[in-house]
K.L.:
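I am attaching a structure below and will ask some questions about it afterwards.
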Amino acid sequence: MDTKYIFVTGGVVSSLGKGIISSSLARLLLSRGYRVTIQKFDPYINIDPGTLNPYEHGECYVTDDGHEADLDLGHYERFTDIRTSRANNVTTGRIYQTVIDKERRGDYLGKTVQIIPHITDEIKRNVKLLGKTGDYDFVITEIGGTVGDIESTPFLEAVRQLKWELGRDALFIHLTYVPYLHAAKELKTKPTQHSVKLLQSVGIQPDILVLRTEKEIPASMLRKVGLFCNVAPEAVIQSLDQPTIYQVPLRMHEQHLDDIVIRLTGADPRPEPDLNAWNKFLHHLNTAEKIVTIGLVGKYVELQDAYKSISESLMQAATHLDHKVKIEYIHSEKLNDANADEKLRNLDGVIIAPGFGQRGIEGKFSALKWCREHDVPTFGICLGMQCMVIEFARNVMGLQDANSTEMDTKTPHNVIDLMEEQKSISNMGGTMRLGAYKCRLQPGSKAALAYGSEEVWERHRHRFEFNEDYRHSFEQAGMKCVGENPDTHLVEVVEIPEKRWFVGTQYHPEYRSTVLHPNPLFLSFMKAAIAYSDEKSSTK
């Protein structure tokens, strides 16, 4: 079967959930036995979101091959269990950079380089690259932004051309918004009609419409939308708000989205999707009654998308253990030794979040000191792990001025530091350790027991490392270095064995946690938090 290309565009307003619709369709097609992948085209000029402030763009997601990507790739992986790569996320900046590099090399033989055909050809090359190299039945491409945005124009022109080149092997899904006006007590379809006309004005006719709505849309209104937008009535689908995004694949299947895609593209027919494992997860999610409360200590808690993979990993782990997780977001800038007891004493477990920079760091130290002294299950991730090391050095080992050279370049006890070979690199990102690396775990450690293995691969995104010069001192004082990179011997995992669960990882285990396969460390942490909650309840 020839590879089929599905393009997902959005209209009316941003943040409608193109990534969730794309992921849901991918889940349905995968469950039928097709080979599927998803990619995201982002219209911003940054090469990638690696240098973007989380307030600007939410979480920066990292792939196995070390690409810093849009957070939608996290949704793709959580829904599909497919590992994404650099090829799955392309920005305007990367397209232009590639074209300019080709022009400098003389690849265009002196011709004037233009949006059409040079930029659009490079976009088309990236769209088809996955289909050619990955042996997929379906490649789903999400076009970032909203129809009408100037930034998205080259992408829309490129996929318009692709539709004509690929014929039946390509189709368009357009996601729009149908608002409900409370004053008039009516749903309004005019914004959708205008959005489709805008799409048609650039030469694209949507094959399927998905209407995001907060109220049930009557069948007569769906037919009206189809009539005005030149879309078959059965291909007008509503996406009603759901209690959880993981219900969306089921709602899409009920309205035959996957059947319509298969029929319109002429794909080889397959049996109905096998959604047993997915339904089992949703059953646990919907029926769990016991609650486990986890505190997430970080400096970006006003924007919870900054910790999207962590919150989803916690939910997945709790669900698989028949619990609902209640996450309390605690601003590290507002946390100190004086109020730590008040803010943390009712929690069953605490996550010390990753991040960069000095802001809010002292609050993380206060949280760790309180959690360590009160033996609360605690999980430090990346900078959170480094904060564990620094707090332990200061308050247990007596190295009162211990710090990371990220925070204090003149600290006398640089327990966290740059590796020597990194110190001469000035390019942002050049000093970053990115992507999946092997970690060897100490037999019998909490980490090894959680994974059921002494060798794992996990993804990294950091600059600074545990300083090997202090390893012996830490181990003598009771903090064990139980995971290391077998090639470089860099410390990857620390834990205090005498505590219920006090583990820090230099890597980001949340990047490898999915709906059907929660990350083992999150499961282990959640089990410890549930046990601690039960213990507290039994002593009341």
Side-chain angles (χ1 to χ4, degrees), residues 6-32 34 36-40 58 61 70-82 84 138 140-144 171-178 180 192 206-217 222 234-262 272-287 304-305 308-309 311-313 315-316 319 324 513-518:
I6 302 167
F7 303 106
V8 181
T9 58
V12 184
V13 294
S14 60
S15 303
L16 284 180
K18 293 192 300 294
I20 302 303
I21 293 298
S22 299
S23 300
S24 298
L25 176 58
R27 177 71 266 162
L28 293 172
L29 294 171
L30 283 164
S31 298
R32 286 176 175 263
Y34 294 106
V36 185
T37 192
I38 319 180
Q39 62 182 171
K40 171 79 180 285
Y61 191 78
D70 182 81
L71 62 80
D72 269 320
L73 267 71
H75 289 310
Y76 301 165
E77 291 202 9
R78 285 188 286 273
F79 272 72
T80 65
D81 271 326
I82 294 170
T84 56
F138 288 93
I140 301 172
T141 302
E142 177 191 346
I143 309 296
L171 66 76
F172 285 96
I173 298 174
H174 189 53
L175 176 64
T176 76
Y177 181 53
V178 176
Y180 179 77
T192 290
D207 301 283
I208 299 170
L209 287 178
V210 178
L211 311 182
R212 181 72 187 272
T213 176
E214 297 159 359
K215 298 276 188 181
E216 186 86 25
I217 302 174
L222 294 175
E234 65 272 15
V236 181
I237 292 167
Q238 61 177 311
S239 179
L240 191 63
D241 287 355
Q242 298 296 309
T244 169
I245 58 174
Y246 301 114
Q247 295 276 5
V248 177
L250 302 186
R251 301 293 84 81
M252 294 299 101
H253 180 58
E254 287 171 0
Q255 298 173 81
H256 309 291
L257 175 62
D258 45 333
D259 294 307
I260 295 166
V261 165
I262 292 166
E272 280 290 294
D274 180 1
L275 295 168
N276 289 331
W278 197 266
N279 281 318
K280 183 179 178 182
F281 170 83
L282 285 173
H283 174 74
H284 287 296
L285 182 63
N286 294 329
T287 60
Q304 292 169 15
D305 269 359
K308 190 65 177 174
S309 290
S311 60
E312 292 300 304
S313 299
M315 183 276 293
Q316 291 154 10
T319 300
K324 289 188 185 299
S513 191
T514 70
V515 170
L516 301 182
H517 297 99

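The first residue in the sequence is number 1, and the count goes up from there.
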K.L.:
Can a salt bridge be assigned to the pair K18 and D72 using a cut-off of 4.0 Å between side-chain N and carboxylate O?
P.N.:
no
K.L.:
How close do Q316 and S513 get, counting heavy atoms only, and between which atoms?
P.N.:
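Minimum heavy-atom contact is OE1-OG, 2.8 Å.
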K.L.:
Could you walk me through whether E216 and Q238 pass side chain to side chain donor-acceptor pair (under 3.5 Å), step by step?
P.N.:
CA-CA 8 Å; E216 186 86 25; Q238 61 177 311; 3.1 Å; yes
K.L.:
We want to know whether Q39 and T141 form a side-chain donor-acceptor pair, criterion being a heavy-atom distance below 3.5 angstrom.
P.N.:
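Judged by distance alone, the side chains do pair up.
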K.L.:
For the atom pair CD1 (I82) and OG1 (T514), what is the distance rounded to the nearest 0.5 Å?
P.N.:
11.0 Å
K.L.:
In terms of ring plane angle, is the pair H256 and H253 parallel, tilted or perpendicular, where the classes change at 30° and 60°?
P.N.:
perpendicular
K.L.:
Testing the basics here: between T319 and H284, what is the closest heavy-atom pair and its distance to 0.1 Å?
P.N.:
O-CB, 3.5 Å
K.L.:
Would you say the side chains of Y76 and E142 form a donor-acceptor pair under 3.5 Å?
P.N.:
yes
K.L.:
How about R251 and Q247: does a side-chain donor come under 3.5 Å of a side-chain acceptor?
P.N.:
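Their side chains do contain a donor-acceptor pair, which is all the 3.5 Å distance test asks for.
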K.L.:
If we ignore hydrogens and angles and just use 3.5 Å, is the side chain of N276 paired with the main-chain N or O of W278 as donor and acceptor?
P.N.:
no
K.L.:
For the residue pair L28 and P273, what are the closest heavy atoms and their distance?
P.N.:
O-CB, 3.8 Å
K.L.:
Using a strict 4.0 Å threshold on nitrogen-to-oxygen distance, state whether R32 and D259 make a salt bridge.
P.N.:
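D259 and R32: salt-bridged.
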K.L.:
Which heavy-atom pair separates V36 from A26 by the least distance, and what is that distance?
P.N.:
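Heavy atoms only, the tightest pair is CG1-CB, 3.9 Å.
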K.L.:
To the nearest 0.5 Å, what is the distance between CD1 on I20 and CG on L175?
P.N.:
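Those atoms lie 11.0 Å apart.
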K.L.:
Do you know which two heavy atoms are closest between D207 and F172, and how far apart they sit?
P.N.:
OD2-N, 2.7 Å
K.L.:
Determine the minimum heavy-atom distance between T176 and L16, stating which atoms define it.
P.N.:
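Closest approach of T176 to L16, heavy atoms only: C-CD1, 3.6 Å.
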K.L.:
Going from CG on L282 to OG1 on T244, what distance comes out if it is rounded to the nearest 0.5 angstrom?
P.N.:
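One gets 7.0 Å once the value is rounded to the nearest 0.5 Å.
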K.L.:
Verify side chain to side chain donor-acceptor pair (under 3.5 Å) between S31 and D274, making sure each step is shown before the conclusion.
P.N.:
CA-CA 5 Å; S31 298; D274 180 1; over 6 Å; no
K.L.:
Using a distance-only test with no angle check, is there a side-chain donor-acceptor pair under 3.5 angstrom linking S23 and R78?
P.N.:
no
K.L.:
Kindly assign one of parallel, tilted or perpendicular to the pair F79 and Y246, based on the angle between their ring planes and the thresholds 30° and 60°.
P.N.:
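Judged by the thresholds at 30° and 60°, the geometry between F79 and Y246 is tilted.
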K.L.:
Decide yes or no on side chain to side chain donor-acceptor pair (under 3.5 Å) for T9 and H174, but give the supporting numbers first.
P.N.:
CA-CA 5 Å; T9 58; H174 189 53; 2.7 Å; yes
K.L.:
Distance check, rounded to the nearest 0.5 Å: E77 atom CD versus S309 atom OG?
P.N.:
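OG of S309 is found 8.5 Å from CD of E77.
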K.L.:
Between T192 (side chain only) and Y177 (backbone N and O only), is there a donor and an acceptor less than 3.5 Å apart?
P.N.:
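Yes, because the side chain of T192 sits within donor-acceptor range (under 3.5 Å) of the backbone of Y177.
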